[in-house]
Amino acid sequence: ELLQVAVDSVTINIADFVTISGRFAFQRTDDELVLVADQVDASLSLGDYRVGVENATLVMILPTAGGVALEASGGFVFEGPDFANVSVDSVAVQYNTTGTDFSAAPRTISIGTISTDVTVADGTVAAPYIAISAVGLEVDIAGLVRVGGDFAFSKGTTTAGTSIIRVGVANFHASLG
């Protein structure tokens with residue numbers, strides 16, 4: 001049985017602390033529940049601080065057999081007093097415990113007018129795949145320390161079953177004063 005629900009524009013504001021907006025769609029079949037979203041803005045605000053993502057995409061697959069595959073990416077937002085400033089061109093998060101390797105066979109999820117690709121590597125409940133990347137990261141702490149570059153971190157398992165952590169850095173730069 002197939003059930004689909006799509007919301008073309010939604011905004012949720014909880015006590016001026018949490019704000020989420022975007023286009024969201026859900027699909028349920030006998031085998032899985034899928035969520036896709038695009039044009040997503042999500043933020044947490046407290047006083048002069050705000051942290052979140054802008055123009056993000058999201059896909060989450062929940063198979064009835066268990067596990068979850070999640071892929072999200074977008075522009076990072078951090079606003080606050082001048083003490084510390086952080087900017088990032090884009091951030092991405094991948095998480096997989098389904099046992100399906102979407103990196104070997106990417107899957108396009110389309111529900112209504114929302115479409116996105118799932119490309120997350122294989123992971124299981126016992127050995128999840130987790131990856132985080134930040135492209136164009138720039139950190140400035142009170143004008144004293146500046147660090148920037150592109151950073152990627154992932155935790156997965158080799159074909160032999162050994163846990164492995166990968167770290168990638170490109171375009172790194174740092175300065176004092």
Side chain to side chain contact (heavy atoms under 4.5 Å, CB included), paired with Val53, selected from Val93, Val91, Val77: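 Of Val93, Val91, Val77, side chain to side chain contact (heavy atoms under 4.5 Å, CB included) with Val53 is met by Val91 alone.
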Hey, quick one: are [X] and [Y] part of the same hydrophobic cluster, counting side-chain heavy atoms closer than 4.5 Å, chains of contacts allowed?
X: Phe76; Y: Val169; value: yes
X: Phe26; Y: Ile109; value: no
X: Val36; Y: Leu70; value: no
X: Val125; Y: Met60; value: no
X: Ile111; Y: Val7; value: no

Closest heavy-atom pair and its distance - [X], [Y]:
X: Asn96; Y: Ala121; answer: ND2-O, 2.9 Å
X: Gly149; Y: His173; answer: N-CE1, 3.9 Å
X: Ala69; Y: Thr98; answer: N-CG2, 3.6 Å
X: Gly156; Y: Tyr129; answer: CA-CD1, 4.1 Å
X: Glu71; Y: Val120; answer: OE1-N, 3.2 Å
X: Pro63; Y: Glu32; answer: CA-CB, 3.9 Å

Check against side chain to side chain contact (heavy atoms under 4.5 Å, CB included), Asn13 and Val18: CA-CA 6 Å; Asn13 186 316; Val18 177; over 6 Å; no
Any side-chain heavy-atom pair of Ser115 and Thr108 under 4.5 Å: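 Yes; the side chains approach each other to less than 4.5 Å.
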Leu176 side chain near Val145 side chain, heavy-atom distance below 4.5 Å: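 Yes, their side chains come closer than 4.5 Å.
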Criterion side chain to side chain contact (heavy atoms under 4.5 Å, CB included) on Ile164 and Thr162, from CA distance to verdict: CA-CA 6 Å; Ile164 186 169; Thr162 306; 5.9 Å; no
Reported [atom1]-to-[atom2] distance for the pair [X] and [Y], which is rounded to 0.5 angstrom:
X: Ile61; Y: Asp31; atom1: CD1; atom2: CG; value: 11.5 Å
X: Ile132; Y: Lys155; atom1: CD1; atom2: NZ; value: 12.0 Å
X: Leu58; Y: Arg23; atom1: CG; atom2: CZ; value: 13.0 Å
X: Asp38; Y: Phe24; atom1: CG; atom2: CZ; value: 9.0 Å
X: Gln27; Y: Leu35; atom1: CD; atom2: CG; value: 11.0 Å
X: Ser154; Y: Tyr95; atom1: OG; atom2: OH; value: 14.5 Å

Keeping the roles fixed (side chain from [X], backbone from [Y]), state whether a donor-acceptor pair exists under 3.5 Å.
X: Asp41; Y: Asn55; value: yes
X: Thr124; Y: Gly99; value: no
X: Thr97; Y: Val68; value: yes

Parallel, tilted or perpendicular, as decided by the 30° and 60° cut-offs, for the rings of Tyr49 and Phe78: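 Aromatic pair Phe78/Tyr49 classed tilted.
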Residue pair Thr11, Ser21: steps toward the side chain to side chain donor-acceptor pair (under 3.5 Å) verdict: CA-CA 4 Å; Thr11 299; Ser21 65; 4.6 Å; no
Derivation of the side chain to side chain contact (heavy atoms under 4.5 Å, CB included) call for Val167 and Phe151: CA-CA 8 Å; Val167 177; Phe151 301 86; over 6 Å; no
Residues, nucleotides or ligands: over 12 heavy atoms within 6.0 Å of Leu144 CG: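 Atom CG in Leu144 is packed in, count exceeds 12.
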